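Below you'll find the structure, written out as structure tokens, and then a few comments.
Keep in mind that this is a model prediction, so the values were computed, not measured. Just so we're on the same page: letters track the sequence lines, and every chain starts at 1.
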There are 2 protein chains.
Amino acid sequence: MARELPSSLLMFIASRSAASRIFEAVHDAGFDDLTIAQSRLMMGIDPAGTRLSVLAERAQIAKQTATALVDKLERAGYVERVPDPSDGRATLVRLTPRAEAVLPVARAEEDRIEAEWRAHLGPEAMDQLRDALTALRDITDPYQ
Amino acid sequence: MARELPSSLLMFIASRSAASRIFEAVHDAGFDDLTIAQSRLMMGIDPAGTRLSVLAERAQIAKQTATALVDKLERAGYVERVPDPSDGRATLVRLTPRAEAVLPVARAEEDRIEAEWRAHLGPEAMDQLRDALTALRDITDPYQ
DNA sequence: TTCCCATAGTCCCATAATCGAACTACAATG
DNA sequence: CATTGTAGTTCGATTATGGGACTATGGGAA
């Protein structure tokens, strides 16, 4: 009698599968110098630009790690650093057009995955799944 | 009007939260030389022992990575390598008593998390969540 | 003002995880 | 017994990660 897998592990399996697919789609679209960690960090950047420390907090990584990732993203042309006019110590990290070009590719694959899951589970179950996951965020997302 | 977060990202958030808590519980119980990657690999070991290549496949990592992780686990006393009697090339990786001692700690924290989620969502929604996640495994788990 | 302390970001350094490529030992097949 | 395949390891490189210490700027209190 096998112990059932914890829900969190089931989530890990599904989310890793999705992340791999999105990564591959982005890679195949010619953005082959992006890594998953870099992409995750980029996803936290607001249109108007976001401070590095906020980015680190959102991705739940240390500031030094965020610095290293932004360094690589900047060298590869996906982001730029601009001084924050409201605080001389801070820098805003902003997406470049190259990064903007990645977004539709990633979103298209996300949508494809979401549609496949919906087809497999049925619309009601998929809606319930989304609702439950969104509600869980209240108690699992330290950032908000 | 913000774009809704993809289901896979919501799963990532929740599963990372759970992994961190389990890691912390195990750490606080005195097993402070275990890492998350090592723990994940260990979870794939059958009671009778499992071949390294099977372990790698289950964890979806390369054989060399599994070798490195097993090296560390072995040095820390969590696993042992024994020759596979049915194949002279193969080695079986087996849990030691030290590793067996970790399991109840990890499971207790898993159960605690599961209970909190159930309390937050309500029993029916939690059951539906588990069912949906289990069904998704059909199309997201390449191993099984 | 001036001084003290907090904050933003960086640098240095060590470690973990990861994998491509090449290798050794054993197995299986004819 | 020769060939071909598989299990595991070693080597070398890259990425991600964080602890600790540092610089520069901001902000509040005396």
Side-chain angles (χ1 to χ4, degrees), chain A residues 12 16 19-20 23-24 26-27 31-46 49-76 78-94 142, chain B residues 12 16 19-20 23-24 26-27 31-46 49-76 78-94 142:
Chain A
F12 175 75
R16 180 172 54 179
S20 299
F23 175 71
E24 196 184 343
V26 167
H27 191 275
F31 305 101
D32 56 351
D33 48 359
L34 272 180
T35 66
I36 292 185
Q38 290 166 20
S39 308
R40 283 221 174 93
L41 193 77
M42 260 196 341
M43 284 177 39
I45 301 176
D46 300 316
T50 306
R51 286 193 189 177
L52 190 137
S53 51
V54 173
L55 238 44
E57 193 187 353
R58 286 186 186 166
Q60 292 180 55
I61 56 179
K63 277 193 306 178
Q64 312 95 293
T65 307
T67 298
L69 291 175
V70 168
D71 283 349
K72 284 176 186 157
L73 285 169
E74 193 172 29
R75 254 182 281 125
Y78 290 102
V79 304
E80 57 185 359
R81 278 184 241 235
V82 297
D84 185 338
S86 72
D87 189 332
R89 298 165 297 178
T91 36
L92 292 177
V93 181
R94 277 202 314 218
Chain B
F12 175 76
R16 179 172 54 179
S20 300
F23 175 71
E24 196 184 343
V26 167
H27 191 275
F31 306 101
D32 56 351
D33 47 359
L34 272 180
T35 67
I36 291 185
Q38 289 166 20
S39 308
R40 283 220 175 92
L41 193 77
M42 261 198 340
M43 283 177 39
I45 302 177
D46 300 315
T50 306
R51 285 194 190 177
L52 190 137
S53 51
V54 173
L55 238 43
E57 193 187 354
R58 286 185 185 167
Q60 292 181 56
I61 56 178
K63 277 193 307 178
Q64 312 95 293
T65 307
T67 298
L69 291 175
V70 168
D71 283 349
K72 284 175 185 159
L73 285 169
E74 193 172 28
R75 255 181 280 127
Y78 290 101
V79 304
E80 56 185 359
R81 280 184 239 236
V82 297
D84 185 338
S86 72
D87 189 333
R89 298 166 296 179
T91 38
L92 292 176
V93 181
R94 278 202 313 218

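Between the two ends of the helix from C:dT1-D:dA30 to C:dG30-D:dC1, each summarised by a five-pair axis, the helix axis turns through 20° (rounded to 10 degrees).
Taking only side-chain nitrogens and oxygens, A:R81 never comes nearer than 4.0 Å to OP1 or OP2 of C:dA8. When the side-chain nitrogen and oxygen atoms of A:S53 are compared with OP1 and OP2 of C:dG9, one or more of them lie within a distance under 4.0 Å.
For the pair B:K72 and B:Y78, the minimum side-chain heavy-atom distance is 4.5 Å or more.
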Polar atom pairs between nucleotides 14-17 of chain D and protein, under 3.5 Å, N or O only, would you list them?
{"residue": "D:dA16", "atom": "OP1", "partner": "A:T35", "partner atom": "OG1", "Å": "2.1"}
{"residue": "D:dA16", "atom": "OP2", "partner": "A:Q38", "partner atom": "NE2", "Å": "3.2"}

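Residues B:D71 and B:D87 both approach DNA chain D. Their nearest nucleotides, taken by heavy-atom distance, put B:D87 toward the 5′ side. When each of A:T50 and B:G88 is assigned the nucleotide of DNA chain C with its nearest heavy atom, A:T50 is the one assigned upstream, toward the 5' end.
Minimum atom distance to the side chain of B:T91 is reached by D:dG8, of the listed C:dT10, D:dG8, D:dT10.
Side-chain atoms of A:R51 never come within 3.5 Å of backbone atoms of A:L92 as a donor-acceptor pair (strictly under, hydrogens ignored). The backbone N or O of A:E80 lies less than 3.5 Å from no partner atom in the side chain of A:R94, so there is not a single donor-acceptor pair. For the pair B:T65 (side chain) and B:I61 (backbone), a donor-acceptor distance under 3.5 Å is absent.
The nearest pair of heavy atoms linking B:L52 to B:A66 is CD2-CB, 4.0 Å. When every heavy atom of A:A59 is checked against every heavy atom of A:L41, the shortest pair comes out as CB-CD1, 4.0 Å.
Between A:R58 and A:D46 a salt bridge is recorded (basic side-chain N to carboxylate O distance below 4.0 Å).
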